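When a ligand or atom number is given, it counts from 1 through the structure's own listing order. These numbers were taken from a predicted model, which means no experiment stands behind them.
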Amino acid sequence: MSNRRNTVLLSVLMALSVSAFVEELDDTFMETRGDDIWLIKFYAPWCSFCKQLDPVWHQIGSELRSLGSPVNVGKSDATASTGLAKEFKVRGYPAILMLKKGVKYNYSGPRTRDGILDFAHRVGGPLVRSLSSLQLFQHAMNRHDVMFVYVGATSQLKENYTSAAEELIVHTYFFSSTRDVLPKVVSLTSLPAVVVFKDGTYFTFDEKHDGDLKSWINRERFPNYLRIDSYTLYAMGESGKLVVLALVEEKSLSEESVRYKSLVEKVSADYRDIYSRNVYFGFMEGSDYINGLVMGEVVVPSFIVVNLSSDGYFLPPGAVETEHHLLDFLNGVLDGSVQFQGGNGVDQRARRFIYDIKVTLTPVFSQAPLLGCFLVVFPIAIIVVFFYLCCKNRPTGTEDGEDGGGLLAPSLQRPTKRTDKKSD
Ligand SMILES: *[C@@H]1O[C@H](CO)[C@@H](O)[C@H](O)[C@H]1NC(C)=O
Ligand SMILES: *[C@@H]1O[C@H](CO)[C@@H](O)[C@H](O)[C@H]1NC(C)=O
């Protein structure tokens, strides 16, 4: 009996202590926050994704507390604390943001415990982390697939590096070190230098060749070959590089999928010098995201090359079975002989508009055909009546230049591709 009571008491205590790790914030927050670092989730009471995130949020709160992290964890009902939500420019739910030294950082990765914790550690820590010994350097190398390191003393380049870090810390870690700390095998022709270590090798930033440091970091912040989920693919749009993808099954890969994956990996490694400037390689499990991009059903497994800066894609003109085929396909994409499809022109946006409606309505039709009919027929009837009345009343030779396309155009905008990484 008493054992049972103890368990109940313990779980009550745990519930209390867990919720104590996450503070509910309201509009007074902006006056009381001081200089503390905050990780905040904005939610709405009706939002089911927000509810799903609740247990994760509590775990994050307790984990950061037990680690002694300087990051405070809070949440705020954006429908009640509208002032705060406005201050943070919250546009969708749940919105995950960090506030540090008055700067706000948006989280746009997967809503998982690990993803969010990594973000909190990264943004909550120093902008540029100093690696003062070979041991620290190697430890960092083991933990990060891609590592940017500034090498040298204070300089203009360092200032540029720090300012790039201020914006791009939402995506990647920034380190600094000195020449004598780095392994002897790393050869640098001049100092100071910004070096990226990835794919088992390294190379340095060259302003003449690579242009602006920030864009270069944005271009190079992914490994040459990687597992790509929809969040990553979306973020890769900013790199401006093409992405060669092997699309494979979501679970239990077929033999063919395994072969496709290794084909892409092999080409990425063997031809890195030729392609790495313009191309990333990877594989994606499941085809939902790509189906949305091509507005149809893609075959799995298969190959596709996507250009996310323009929502465009390329499909192989023939079967891709060998390394030779894959290289031909890729070269064809790069020299323009393989046809570019998709894109974000007006016609594509119109197609996407219709596609999105279709995708939204199809499940409604299969589950509740009557409701589906109503949803389609009713608005159409209203539009028809509306146009009928307009035309009837319209004087001939009107000055009104607005045509149907112009009227529709604003609603054809896809959700903006680039989320702001930082806003003050
Ligand atoms: C730093 O950035 C400025 C402006 O982007 C650029 O003009 C300058 O050349 C950069 N300096 C170095 C040393 O990279
Ligand atoms: C991707 O699309 C953009 C915008 O259309 C274009 O400027 C860029 O050259 C394309 N990238 C590649 C590597 O073809």
Side-chain angles (χ1 to χ4, degrees), residues 127-128 148-168 174-176 178-179 188-196 203-222 224-225 228 232-245 264 267-268 271-282 290 293-294 303-317 326-349 351-352 413-414 416-418 421-422:
L127 262 190
V128 176
F148 292 97
V149 185
Y150 172 87
V151 188
T154 310
S155 68
Q156 174 65 43
L157 183 61
K158 174 114 193 222
E159 266 175 46
N160 289 4
Y161 185 72
T162 309
S163 111
E166 208 161 271
E167 189 169 326
L168 299 178
F174 288 80
F175 297 94
S176 72
T178 51
R179 176 58 266 202
L188 301 175
T189 45
S190 68
L191 290 182
V194 176
V195 189
V196 60
F203 47 94
T204 48
F205 165 71
D206 173 358
E207 195 174 11
K208 264 213 286 309
H209 242 95
D210 302 318
D212 173 49
L213 178 61
K214 209 179 286 177
S215 330
W216 178 76
I217 291 169
N218 239 336
R219 268 203 313 279
E220 298 302 336
R221 67 188 168 87
F222 301 95
N224 194 32
Y225 171 83
I228 299 176
T232 314
L233 192 58
Y234 189 79
M236 286 172 103
E238 273 173 66
S239 73
K241 292 192 194 183
L242 297 170
V243 185
V244 179
L245 275 176
V264 170
V267 166
S268 79
Y271 300 88
R272 183 171 42 222
D273 294 346
I274 301 175
Y275 297 118
S276 67
R277 242 188 122 71
N278 303 311
V279 184
Y280 277 122
F281 297 85
I290 296 297
L293 179 76
V294 309
F303 296 98
I304 186 170
V305 173
V306 294
N307 178 347
L308 283 144
S309 30
S310 61
D311 285 342
Y313 63 94
F314 304 85
L315 294 172
L326 186 56
L327 288 173
D328 273 353
F329 172 36
L330 184 50
N331 292 333
V333 167
L334 290 171
D335 70 22
S337 61
V338 173
Q339 202 207 337
F340 175 85
Q341 304 185 55
N344 45 22
V346 173
D347 52 332
Q348 285 302 321
R349 282 190 271 154
R351 255 192 80 197
R352 180 163 299 285
Q413 302 281 354
R414 284 186 77 195
T416 41
K417 255 218 116 80
R418 313 230 178 308
K421 295 308 175 267
K422 188 190 88 169

(message) Check E166 with K214, please: is the shortest side-chain N to carboxylate O separation under 4.0 Å?
(response)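 The answer is no: the pair does not qualify as a salt bridge.
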
(request) Identify whether the distance between the nearest side-chain nitrogen and carboxylate oxygen of D210 and R277 falls below 4.0 Å. (result)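 Looking at D210 and R277, the cut-off is met.
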
(message) Would N160 count as being in polar contact with ligand 1, using the rule that some N or O on each side must be under 3.5 angstrom apart?
(response)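 Min N/O separation from ligand 1 is below 3.5 Å for N160.
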
(request) Compute the shortest N/O to N/O distance between E207 and ligand 1 and return yes if it is under 3.5 Å, no if not. (result)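 In this structure, E207 places an N or O atom under 3.5 Å from an N or O of ligand 1.
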
(request) Test side chain to side chain contact (heavy atoms under 4.5 Å, CB included) on F303 and V264 and set out the steps. (result) CA-CA 9 Å; F303 296 98; V264 170; 3.5 Å; yes

(request) Using a strict 4.0 Å cut-off to heavy atoms of Q156, name the atoms of ligand 1 that fall inside it. (result)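 Close to Q156: 1 (C), 11 (N), 13 (C).
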
(message) Heavy-atom contacts with ligand 2 below 4.0 Å: which residues, ordered by chain and residue number?
(response)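 L242, N307, S309, S310.
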
(request) Mind checking the CG-CD1 spacing from L242 to I304? Nearest 0.5 Å is all I need. (result)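 Between atom CG of L242 and atom CD1 of I304 there are 11.5 Å.
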
(request) State the OH-OH distance between Y150 and Y161, to the nearest 0.5 angstrom. (result)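 Rounded to the nearest 0.5 Å, the OH-OH separation comes out at 10.0 Å.
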
(message) Among L330, V306, V305, exactly one meets side-chain contact (heavy atoms from CB on, under 4.5 Å) together with F314. Which residue is that?
(response)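 Only one option passes, and that is V305.
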
(message) Working note: V333 + V279, criterion side chain to side chain contact (heavy atoms under 4.5 Å, CB included); need CA distance, chi angles, decisive distance, verdict.
(response) CA-CA 11 Å; V333 167; V279 184; over 6 Å; no

